[in-house]
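What follows is one structure encoded as structure tokens, with my remarks underneath.
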Amino acid sequence: MHVLLGLDGSDESVKTLETTIERVTEVGDDLLVAVLDKPEADRTVEEMHELAQERLVAAGIDAEIRTLEGDPGSSLVALAEREDVDQLVIGGGTRSPMGKVRLGPITEFVLLNATMTVKLVR
């Protein structure tokens with residue numbers, strides 16, 4: 001399976017990276033990683049790129065890492081369509097006090113606009 005992983009520098013993205021690395025190691029998916037520019041994120045684009053590279057190398061996974069500019073959601077969906085991926089993986093979604101999932105704007109855009117399967121890691 002050809003998988004695109006979107007990372008925005010949040011703690012959820014780090015968890016999503018780790019979950020995706022486990023899956024790729026188990027089943028041998030073809031992985032493309034996209035680092036999104038989200039100014040309010042916990043980590044800069046450079047920090048997230050470096051973290052992803054370190055984790056991928058440690059796991060023995062050869063994956064291309066690209067940095068996307070512009071609107072994060074639309075840039076990620078456009079890349080997924082250009083690369084004809086089978087699955088787009090993103091992190092996100094927090095729980096409200098009532099236990100309902102709350103989605104951020106990037107996650108919501110991707111879920112509503114992607115033409116391929118989207119895996120949301122929470």
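Proximity of a side-chain donor or acceptor of Glu81 to a complementary backbone N or O of Ala78 within less than 3.5 Å is not detected. Side chain of Ser75 to main chain of Glu69: a donor-acceptor pair is present (N/O by atom type, distance under 3.5 Å, no hydrogens or angles). With Ser13 contributing its side chain and Asp8 its backbone, the two residues share a donor-acceptor pair below 3.5 Å.
Applying the side chain to side chain donor-acceptor pair (under 3.5 Å) definition to pairs two or more places apart or across chains, those involving residues 15-25 are Glu18-Arg55, Arg23-Asp29. Residues in residues 106-122 take part in no salt bridge (charged side-chain N to carboxylate O under 4.0 Å, His left out) pair, two or more places apart or across chains.
The closest side-chain heavy-atom distance from Arg43 to Val14 is below 4.5 Å. Using a 4.5 Å heavy-atom cutoff, the side chains of Leu5 and Leu32 are not in contact. Val85 is not listed as a side-chain neighbour of Val3, based on a closest heavy-atom distance of 4.5 Å or more. Between Leu7 and Ile65, every side-chain heavy-atom pair lies at or beyond the 4.5 Å cut-off.
Side-chain heavy atoms closer than 4.5 Å link hydrophobic residues (I, L, V, M, F, W, Y) into clusters, and following such links, even through other members, never connects Val57 to Val33. Using a 4.5 Å cut-off between side-chain heavy atoms of Ile, Leu, Val, Met, Phe, Trp and Tyr, with links allowed through other members, Leu4 and Phe109 fall into the same hydrophobic cluster. Neither Val121 nor Leu36 shares a network with the other; the hydrophobic side chains, linked directly or stepwise wherever heavy atoms of I, L, V, M, F, W or Y lie under 4.5 Å apart, form separate groups for each. Leu51 and Ile90 fall into different hydrophobic clusters, where Ile, Leu, Val, Met, Phe, Trp and Tyr side chains are chained together by heavy-atom contacts under 4.5 Å. No path of Ile, Leu, Val, Met, Phe, Trp and Tyr side chains, each step under 4.5 Å between heavy atoms, connects Val35 with Ile106, placing them in separate hydrophobic clusters.
For Ser74, the side chain to side chain donor-acceptor pair (under 3.5 Å) partners at least two apart in sequence or on another chain are Asp71. Partners of Asp86 according to the side chain to side chain contact (heavy atoms under 4.5 Å, CB included) rule, which considers only residues two or more places apart in sequence or in another chain, are Met1, His2. Not a single salt bridge (Lys or Arg N to Asp or Glu O under 4.0 Å) links Asp42 to another residue, sequence neighbours left out. With sequence neighbours excluded, the residues satisfying salt bridge (Lys or Arg N to Asp or Glu O under 4.0 Å) with Glu64 are Arg66.
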Next item on the list: Check the pair Leu68 / Leu79 against side-chain contact (heavy atoms from CB on, under 4.5 Å), numbers first and verdict last.
Entry: CA-CA 9 Å; Leu68 301 182; Leu79 177 62; 3.9 Å; yes
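Gly92 and Leu120 get closest at one heavy-atom pair: O-CD1, 3.6 Å. Residues Val89 and Gln87 approach most closely at CG2-OE1, 3.7 Å, considering heavy atoms. Leu76 and Ala34 get closest at one heavy-atom pair: CD1-CB, 3.9 Å. What you find for Ile21 and Ala59 is that their closest heavy atoms are CG2-CB, 3.5 Å. The shortest non-hydrogen separation linking Ala63 to Leu56 is CB-CD1, 4.1 Å. Considering all non-hydrogen atoms of both residues, Gly9 and Met48 come closest at CA-SD, 3.6 Å.
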